[in-house]
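Presented below is the structure to which this report refers.
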Protein chains: 2
Amino acid sequence: MPVGTQGTVKAVEQRELEHLGARIILGNAYHLYLRPGTALIEQAGGLHRFIGWSGSLLTDSGGYQVFSLSDLRRIGEEGVQFKSHLDGSTHVFTPERVIDIERSLGSDIMMVLDECVPYPTDEAYASSSSALTIRWAERSRVRIDQTRPLYGSKQALFAIVQGSVFEQVREAAARQLSAMEFDGFAIGGLSVGEPADQMYRITELCTSILPEDRPRYLMGVGTPENILESIARGVDMFDCVLPTRNGRNAVFFTRSGKLNMRNAHHGADFRPVDAACSCYGCRSFTRAYIRHLFKAGEILALQLASMHNLTFYLQLVADARKAILDRRFGSWKETALKTLSAEEADES
Amino acid sequence: MPVGTQGTVKAVEQRELEHLGARIILGNAYHLYLRPGTALIEQAGGLHRFIGWSGSLLTDSGGYQVFSLSDLRRIGEEGVQFKSHLDGSTHVFTPERVIDIERSLGSDIMMVLDECVPYPTDEAYASSSSALTIRWAERSRVRIDQTRPLYGSKQALFAIVQGSVFEQVREAAARQLSAMEFDGFAIGGLSVGEPADQMYRITELCTSILPEDRPRYLMGVGTPENILESIARGVDMFDCVLPTRNGRNAVFFTRSGKLNMRNAHHGADFRPVDAACSCYGCRSFTRAYIRHLFKAGEILALQLASMHNLTFYLQLVADARKAILDRRFGSWKETALKTLSAEEADES
């Protein structure tokens, strides 16, 4: 899922997202609640209509943003009080309030409010925080049944498994949440600084418990390698800012590793970034030109890089999906990882 | 002509420019000479190929930029010495050197090196400077005949009439340059701070002298009103950063005046910016959404505004052209100016 935090995938037009085959994008309840506000989005007829997006929308609850962006948060049983990173104003998110916000947004998939625990943390905190996140998930479920979609179309609700890198905490959370009625399950609180092997271990533990007939969504992950390894462990859905954010920093993903288009050795290279890529930039422009655009601070550089990287990510998971259906994912993945691991070749 | 100073029209893809019907865009010899440099552009096979643009290209000589952007310039009979605004390095532009640069760029229309005199200035300075610009134009003509296009296609050369707001100086310049062999003639040094009526007076004086069978190009002008008034006075070509630069500042041009999309009263307005406009943004998004994008600092705002304003400008001159061919330009212009003059309505 390309990330459209504030109601736009940065530097990419909605029609281009459609053209790239993106069928679902992310929005963020925290950001959209603060600006432009849910009242306006309700007036517009929901987030789909407000941003002119006819594909699907998943809205993150804002739990992660409250803990990463806002100041002076105070967390309690009821919910979390925080100050806006925009103007310092004070707000309270409860599980119920977040469901109400996501009803206003009208997203196709709503995420429950959770506490995203930073890494590292101790097991006692991870455990009590996970228990709170589970109680919040339960309250979210109750709220769902008390409310209705505002725009006619069904809204799914996903729970989030927390518990840092502690297996017992994660296992308990996955079991308890699996026993409740959720449309899908997310694994949160990973890719927050822990080593990759811990991320994979916890992911595998969670997917071994979470129901196979519901989507499993690994939040905020990650590199192409992370995604393939997590697909191998049973994950179905991903969101990540890497393709667009790294793109804006001149990093282009390719099957044979990453290329940094600011590097001098691309300066007189008149090949496309990736001859195998079908994106607008790769069909139309050279590395030399794209490097010039980055050096000159031109907006077109950000547009081309974002489109290219989304093309790459969407093609990567489309290929993974096809390999799974063809029952050759394991061998396909090994080959893909070998070429992807050349990723630092360019960075020297 | 949309302005693509550094080899890109800011925030607008080349394929979109084609789609908008732009048949010629501007590049800037000063900027492109400094970065990425003419050696690289020669290696790429010229500016068209470097930037992936199959339409026409006009390259400004850099005269204006030397005088507006660079420090410590020293002007003499031979040319102008200046320090790069990028790194402070010292460079010399002579009329001959600029022709050589424009040969390297391979633009379809090359501009001669000129001295762009700031406003206000005294008649003595304007007169001696104009005489220098004319001598430089003569040397540019000589250099053209000593050199050849590098990429096979013909390159036209335009002279530039200077002389500030002094009629005698402008008249002498227009007469002397008209007597030389140029493919077209530009009127430079206007829209630099002088009152609009002076700009129109000088423009009309110049076009009354410059040959009717050659394109007359008013450089760096201007507002929609400026353009219509100058067409009425015989101008054929314009370039201006207004549509893209003002667009990036949230100003949208429409037939019924300008709209600033940052203004609060657009906040809950779910109409398109201009229901009569065919651009992507007007077909797809509301004023409320576009205002949100500007408030949130999103790149899509810059893309949509730039596309819209270029659509507006290109349609305006297409309509003017049609009105001329239909022999109803005068009445068409009066009607157009009346609605355009509502331009401050939104700004209150």
Side-chain angles (χ1 to χ4, degrees), chain A residues 4-18 28 31-32 34-37 39-45 47 49-54 86 244 248 267-270 272 280-281 283-304 306-307, chain B residues 4-18 28 31-32 34-37 39-45 47 49-54 86 244 248 267-270 272 280-281 283-304 306-307:
Chain A
T5 305
Q6 303 192 105
T8 160
V9 174
K10 291 188 192 303
V12 183
E13 299 167 354
Q14 278 81 326
R15 62 179 172 180
E16 181 66 24
L17 289 170
E18 280 174 40
N28 192 281
H31 285 280
L32 294 166
L34 290 177
R35 184 175 57 198
L40 185 74
I41 292 175
E42 275 194 30
Q43 258 189 286
L47 187 57
R49 291 190 62 172
F50 182 61
I51 73 171
W53 175 248
S54 57
L86 296 175
T244 42
R248 295 197 303 282
D269 191 333
F270 300 109
Y280 170 57
R283 281 185 288 108
S284 311
F285 305 111
T286 63
R287 297 178 182 194
Y289 178 59
I290 290 173
R291 178 169 185 268
H292 165 67
L293 295 176
F294 272 104
K295 299 274 286 181
E298 287 286 354
I299 295 167
L300 185 58
L302 315 180
Q303 301 174 241
L304 296 178
S306 302
M307 282 189 271
Chain B
T5 306
Q6 304 192 103
T8 162
V9 175
K10 290 187 192 305
V12 183
E13 300 167 355
Q14 279 80 328
R15 63 178 171 181
E16 181 66 24
L17 289 169
E18 280 174 41
N28 192 281
H31 285 280
L32 294 167
L34 290 177
R35 183 175 58 197
L40 185 75
I41 292 174
E42 276 194 30
Q43 258 189 284
L47 187 57
R49 291 191 61 172
F50 183 62
I51 72 170
W53 175 249
S54 57
L86 296 176
T244 44
R248 295 197 304 281
D269 191 332
F270 299 108
Y280 169 56
R283 282 184 289 110
S284 311
F285 305 110
T286 63
R287 297 180 182 195
Y289 178 59
I290 291 173
R291 176 169 186 268
H292 165 67
L293 294 176
F294 272 104
K295 299 274 286 181
E298 288 288 354
I299 296 168
L300 185 58
L302 315 180
Q303 301 174 241
L304 296 178
S306 302
M307 282 189 273

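Numbers restart at 1 for each chain; the letters A, B, ... are given by sequence-line order, proteins then strands.
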Subject >> Any A:H292 side-chain heavy atom under 4.5 Å of B:L40 side chain >> reply: no
Subject >> Interatomic spacing from CG in A:L302 to CD in B:Q303 - rounded to 0.5 Å >> reply: 9.0 Å
Subject >> B:R49 atom CZ, over 12 foreign heavy atoms within 6.0 Å >> reply: no
Original post:
When you check the gap from the basic side-chain N to the acidic O, do B:R15 and A:E13 get nearer than 4.0 Å?
Top reply: no
Subject >> Residue part contacting chain A, namely of B:L293, when any heavy atom lies under 4.5 Å >> reply: side chain
Original post:
Hey, which of B:G52, B:A39, B:S284, B:A296 has the most heavy atom pairs under 4.5 Å with chain A?
Top reply: B:A296
Original post:
Residues in side-chain hydrogen bond (donor to acceptor under 3.5 Å, both in side chains) with B:Q43, at least two apart?
Top reply: none
Original post:
Under a 4.5 Å heavy-atom cut-off, does chain A meet the side chain of B:L304, its backbone, both or neither?
Top reply: neither
Original post:
Listed by chain and number, what are the ring-ring contact (aromatic ring centres under 6.0 Å, His included) partners of A:F294, not counting sequence neighbours?
Top reply: none
**OP:** Any chance you could measure B:K295, atom NZ, to A:R35, atom CZ, to the nearest 0.5 Å?
**Re:** 8.0 Å
Original post:
Looking at B:R291, B:K10, B:Q14, which has the largest count of heavy-atom pairs under 4.5 Å with chain A?
Top reply: B:Q14
Original post:
Relative to chain A, which segment of B:V12 carries a heavy atom at a distance below 4.5 Å: side chain, backbone, both, or neither?
Top reply: backbone
Subject >> A:Y289, part contacting chain B, at a heavy-atom distance under 4.5 Å >> reply: both
**OP:** Using a cut-off of under 4.5 Å on heavy-atom pairs, state which of B:F50, B:F270, B:Y280 scores highest against chain A.
**Re:** B:Y280
